[in-house]
Amino acid sequence: MVKLAAKCILAGDPTVGKTALAQIFRSDGAHFQKNYTLTAGVDLVVKTVPVPDTGDSVELFIFDSAGKELFSEMLDKLWESPNVLCLVYDVTNEQSFNNCSKWLEKVRSQAPGSSLPGVLVGNKTDLASRRAVESSQAQAWALGQGLECFETSVKEMENYEAPFHCLAKQFLHLYREKVEVFHALV
């Protein structure tokens with residue numbers, strides 16, 4: 001049984017639901033924040049995620065950061081050496097989706113030369129009549145970037161755990177690959 005710790009960067013534009021996603025995940029669906037509050041800087045959410053069929057677990061240290069550019073200088077330090085990435089956009093806001101490439105580039109610049117497992121999460125699927133980004137469009141972009149793609153409605157508590165379980169599984173897989181390489185060298 002292995003217990004790992006991974007630094008997870010939660011990135012995306014303001015108001016896409018990053019904080020709500022982190023909070024509802026931490027509270028196992030018990031806490032949904034109805035009123036929007038701007039994240040100033042970074043909030044840290046810590047939760048252990050068991051990886052199914054392995055007996056192993058990954059403790060995710062989720063860095064929920066402000067989506068505003070004005071906080072970006074601080075992000076460089078706080079985002080140093082990430083292990084996994086959770087990139088969030090609002091399915092009703094095409095600009096938030098388009099900006100994902102900028103956020104992805106910023107996070108990847110903090111881990112040059114390394115493989116950074118990640119997920120793309122389209123939030124607010126409960127607002128179906130206002131959808132501006134099609135699932136197929138997001139899936140195609142995510143695939144091209146080497147990311148797994150998910151859609152969720154934090155408000156309706158739908159599929160909010162899946163992205164984090166995927167990240168834990170990806171991180172464990174990467175860890176096992178590195179262990180195999182190490183054993184092959186010894």
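Note that this is a predicted model, so its numbers are computed, not measured. Numbers for residues simply follow the sequence, beginning at 1. Atom set for the values below is all heavy atoms of this structure, side chains included, hydrogens, waters and symmetry mates excluded.
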Backbone N or O of Lys102 within a donor-acceptor pair of the Asn99 side chain at under 3.5 Å?
no

If you link I, L, V, M, F, W and Y whenever their side-chain heavy atoms are under 4.5 Å apart, who else ends up in the same group as Val181?
Leu185

Show every salt bridge (charged side-chain N to carboxylate O under 4.0 Å, His left out) that has at least one partner inside residues 131-140, sequence neighbours left out.
Arg131-Glu151

Results of side-chain hydrogen bond (donor to acceptor under 3.5 Å, both in side chains) for Gln139 - residues two or more places apart only:
none

Kindly determine whether Leu21 and Tyr160 satisfy side-chain contact (heavy atoms from CB on, under 4.5 Å), including the steps that lead there.
CA-CA 7 Å; Leu21 180 62; Tyr160 66 90; 3.9 Å; yes

For Thr125, enumerate each residue passing the side-chain hydrogen bond (donor to acceptor under 3.5 Å, both in side chains) test, keeping only those at least two apart in sequence or located in another chain.
none

Set of side-chain hydrogen bond (donor to acceptor under 3.5 Å, both in side chains) partners for Asn159, sequence neighbours left out:
none

Donor-acceptor contact present, side-chain Lys3 to main-chain Thr48, <3.5 Å
no

Backbone N or O of Gly118 within a donor-acceptor pair of the Gln170 side chain at under 3.5 Å?
yes

Please list, chain by chain and in numerical order, all residues satisfying side-chain contact (heavy atoms from CB on, under 4.5 Å) with Ala11, sequence neighbours excluded.
Ile9, Trp79, Leu85, Leu87, Trp103, Val107

Inter- and intrachain pairs under salt bridge (charged side-chain N to carboxylate O under 4.0 Å, His left out), touching residues 168-186, at least two apart:
Asp56-Arg176

Enumerate the salt bridge (charged side-chain N to carboxylate O under 4.0 Å, His left out) contacts for residues 84-97, please, sequence neighbours excluded, ordered by first and then second residue.
Asp90-Lys124

List the residues meeting side-chain contact (heavy atoms from CB on, under 4.5 Å) with Ala111, not counting sequence neighbours, and say none if there are none.
Pro82, Ser114

ring-ring contact (aromatic ring centres under 6.0 Å, His included) against Tyr89, all qualifying residues, sequence neighbours excluded:
Phe97

Lys47: which residues meet the side-chain hydrogen bond (donor to acceptor under 3.5 Å, both in side chains) condition with it, sequence neighbours left out?
Asp28

Considering residues at least two apart in sequence or located in another chain, which fulfil the side-chain contact (heavy atoms from CB on, under 4.5 Å) criterion with Gln145?
Leu104, Arg108, Trp141, Leu147

